[in-house]
Structures are given as structure tokens and as C-alpha cells.
Trainee: 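There's a structure below that I have some questions on.
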Amino acid sequence: MKDHIIAPSEKAGCPSAPSEIDALHGILTECGVHRLWVNPEMMLIENYLRHRPEDEHLQKTLGVKVLNFFLRQLKRSEPFWNMTSQDVLLFWFLRFADGFDLKKALIKSLDSEPQSEAISAEYDDSHVRFEEDHKQFNKLTTLMMIEGFPTHFGLLTADATIRLTLHESLVAKYGSAQVLHKLLKSIKTAERTQFQGMLADNSTVKTVKAKTTCAQKYLDMCSIDRIRLMRYYDFVCSQNSKSVR
């Protein structure tokens, strides 16, 4: 069971190049960041952004507890109380993006135009990585279907699939932004943690291995490929199900 992580270089605690700021601003816009500024709860944060020096680390200057307080308040209010996948990702960026980058990107968002539609979390044959997934997994998923491999068995959350789908779409538009490296690393870590929990459950492992001869291939994959495989497999099964109705 191999997993290869290429860790992005750490920042030296200084503001990033303008391209990184522009990328983060674009990413936040894709996730609907402009909705923050119509919420009265954010007036204090908006005043802070407009009147303090740009070259400050947002989380360190405000304090993590203060920032988290405002984020909790937002989650309980319109339009975020019924959280979408894009909303969840937006709040992840607000918590974990580099503080220097985040402050400048948020300042840009105060006066920029909102996007009419949030980035899509749907996975289908129009997705940027679909063709690659098809080439890599088509034969394997055919075997999985023949042998009755389950599409869902507790090893993979819908959240991991959706986050990876959104991540790939954002990479296609914004390239190798540091914050996207960070997001990918968090997706890998969450999947690996869940996977290790599955391996500790001997009954689950035996059930999976007993299902198919291709189970070992799944078990030997790296974390991102496991997510990609199950995402593609679920799509193929759903398409086949529609065709027989």
C-alpha cells in the first residue's frame, strides 16, 4: 500500500508573489466568497481588512479564536446555514490558507465582482480528469462490476470524492497554487486515516477481499487513486443503472 506525497515548499513567513494572491482570490470567488460581505456579522472583519496594512498575517493578527468565532457565526446564518460542498470548501480555505495570502485575497474580494455560479462539484464525462480516469480504470471497473465489487462500503466518504473533484477543477484553472497543494495534502491525509481504520477492522478487510479478485489492486493503490477509482466506478455503475430503466 503505497502513498506518495510531494510536500510543497514551506513559506518563509513572508507575502507571496502576486500570482499566488490572484489564484487564491479566484479560488475564493469560485466558492462564493462575496456572500461574506453581505452578512452583518462580517462588518468588523471588513473594516479590519480595509483599514489595516495589507502585509499582515490574518490569523495571527486577528487571533485564531477570533477568526473561528466569526466563521462559526457565519455558518449559522443565511446563506450558509444549509451548507453546500462549495461552502464547506470556502470555509476550509478561510481557515487553512496562508494568512498573508488570505488577507490580500479577501481585500481584493471586497471590491471585485461576484461569480454568477459557484464551481461545480459534479463528476461526469465533462470533468477535466474524466478521460484520464477512463483510460486508467475502465478495464478494472468492468471487472469490479462483473465480480460485484460494492460502490460504497465505508472506506470512502462522499466528502473526499467531492473535494477531489473540486480540487481538480480548480487546478485546471489556477495551476499549482500553494493553497491547492495544501488542500490535496489534506484530502490524502483524511483518506489515509480512514483507510488505516479500515485495515484495523479485520472483518471489513476479509469482506472486501472475499468480494473480488481485484480487491488487492484497490488495497495497493495510493490514496488519491483509491478516491479516483471509486469515483469513476460509482459513475459507471450509476450510468449503467440508468440505461436499464
Side-chain angles (χ1 to χ4, degrees), residues 1-6 8 23 26-32 83-90 92-93 115-192 194-195 208 211-212 214-245:
M1 287 159 288
K2 298 174 287 184
D3 204 358
H4 306 287
I5 298 179
I6 301 175
I27 290 165
L28 294 176
T29 301
E30 298 266 9
C31 295
M83 298 278 280
T84 66
S85 302
Q86 293 85 346
D87 293 337
V88 172
L89 192 59
L90 172 64
W92 186 91
F93 287 126
Q115 187 160 297
S116 57
E117 293 184 9
I119 188 170
S120 175
E122 294 297 317
Y123 178 80
D124 56 25
D125 56 7
S126 66
H127 182 64
V128 65
R129 293 291 294 276
F130 182 86
E131 185 176 346
E132 182 180 346
D133 292 346
H134 176 74
K135 288 179 180 178
Q136 186 171 347
F137 301 127
N138 187 46
K139 290 182 180 179
L140 178 57
T141 53
T142 299
L143 179 60
M144 291 165 71
M145 291 181 67
I146 292 172
E147 297 183 334
F149 199 85
T151 55
H152 302 283
F153 46 96
L155 304 186
L156 182 67
T157 63
D159 179 67
T161 302
I162 291 169
R163 285 197 178 201
L164 181 62
T165 301
L166 288 168
H167 171 269
E168 290 168 344
S169 296
L170 290 169
V171 168
K173 293 188 72 172
Y174 300 102
S176 57
Q178 288 292 323
V179 71
L180 294 180
H181 280 295
K182 200 171 189 179
L183 175 60
L184 183 61
K185 185 175 180 180
S186 78
I187 295 170
K188 290 178 179 180
T189 299
E191 195 280 340
R192 269 200 322 278
Q194 188 177 20
F195 185 69
V208 173
K211 279 286 182 183
T212 71
C214 57
Q216 192 61 48
K217 292 183 179 180
Y218 171 83
L219 294 172
D220 287 342
M221 287 180 177
C222 68
S223 57
I224 293 301
D225 282 350
R226 283 193 294 266
I227 299 173
R228 290 175 55 224
L229 170 64
M230 295 305 293
R231 177 180 64 182
Y232 179 76
Y233 180 51
D234 184 51
F235 170 80
V236 170
C237 289
S238 66
Q239 293 300 109
N240 285 348
S241 177
K242 291 176 183 177
S243 67
V244 298
R245 288 176 187 172

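For the numbers below, each heavy atom of this structure counts, side chains included, while hydrogens, waters and symmetry mates do not.
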Trainee: Kindly indicate whether the side chain of Phe195, heavy atoms from C-beta on, has any atom under 4.5 Å from the side chain of Leu219.
Mentor: yes
Trainee: At their closest point, which heavy atom of Ile119 faces which heavy atom of Ser169, and how far apart are they?
Mentor: CD1-CB, 3.7 Å
Trainee: Could you grab the distance from atom CD of Glu191 to atom CG of Asp225, nearest 0.5 Å is fine?
Mentor: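 Atom-to-atom, Glu191:CD and Asp225:CG are 10.0 Å apart.
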Trainee: Can you give me the closest heavy-atom contact between Ala172 and Val128, atom names plus distance?
Mentor: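 Heavy atoms of Ala172 and Val128 come nearest at CB-CG2, 3.7 Å.
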Trainee: So, do Arg192 and Thr189 sit near enough that their side-chain heavy atoms are less than 4.5 Å apart?
Mentor: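 Result yes, sub-4.5 Å side-chain heavy-atom pair found.
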Trainee: When rounded to the nearest 0.5 angstrom, what is the spacing between CD1 in Ile27 and CG in Leu180?
Mentor: 4.0 Å
Trainee: Show your working on side-chain contact (heavy atoms from CB on, under 4.5 Å) between Ile227 and Arg163 and close with a plain yes or no.
Mentor: CA-CA 10 Å; Ile227 299 173; Arg163 285 197 178 201; over 6 Å; no
Trainee: Can you name the closest pair of heavy atoms from His127 and Glu122 and give their distance?
Mentor: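 Shortest heavy-atom contact: ND1-O, 4.4 Å.
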Trainee: When you look at Asp124 and Phe235, which way does the side-chain contact (heavy atoms from CB on, under 4.5 Å) test go after all the steps?
Mentor: CA-CA 7 Å; Asp124 56 25; Phe235 170 80; 3.9 Å; yes
Trainee: Mind checking whether Glu131 and His134 have side chains closer than 4.5 Å, heavy atoms only?
Mentor: no
Trainee: Quick check for you: to the nearest 0.5 Å, what is the distance between Asp220 atom CG and Arg226 atom CZ?
Mentor: 9.5 Å
Trainee: Between Pro150 and Met230, which heavy-atom pair has the shortest distance, and what is it?
Mentor: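 Here Pro150 and Met230 meet closest at O-CE, 3.5 Å.
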Trainee: Ignoring hydrogens and geometry, is there a side-chain-to-backbone donor-acceptor pair from Thr84 to Asp87 under 3.5 Å?
Mentor: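 Between the backbone of Asp87 and the side chain of Thr84 there is a qualifying donor-acceptor contact (under 3.5 Å).
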Trainee: Can you tell me how far the OG1 atom of Thr142 sits from the OH atom of Tyr233, to the nearest 0.5 Å?
Mentor: 10.0 Å
Trainee: Considering non-hydrogen atoms only, spot the tightest contact between Phe93 and Leu28 and give its length.
Mentor: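 It is CB-CD2, 3.7 Å.
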Trainee: Looking at CG of Asp234 and CD of Gln239, how far apart are the two atoms once the value is rounded to the nearest 0.5 Å?
Mentor: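 It is 10.0 Å, given to the nearest 0.5 Å.
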Trainee: Taking the inter-plane angle between the rings of Tyr232 and Phe137 on a 0 to 90° scale, is it parallel (under 30°), tilted (30 to 60°) or perpendicular (over 60°)?
Mentor: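 Ring orientation, 0 to 90° scale: tilted.
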Trainee: Rounded to the nearest 0.5 Å, what separates atom CD in Gln86 from atom CD in Gln115?
Mentor: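 One gets 10.5 Å once the value is rounded to the nearest 0.5 Å.
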Trainee: Distance only, no hydrogens: is a donor on one side chain within 3.5 Å (strictly under) of an acceptor on the other, for Tyr174 and Glu30?
Mentor: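 The criterion, which ignores hydrogens and geometry beyond distance, is satisfied for Glu30 and Tyr174.
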Trainee: Give the minimum heavy-atom separation between Leu89 and Cys31, together with the two atoms involved.
Mentor: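 Here Leu89 and Cys31 meet closest at CD2-SG, 4.1 Å.
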Trainee: So, the side chain of Tyr123 versus the backbone of Thr165: is there a donor-acceptor pair under 3.5 Å, distance only?
Mentor: no
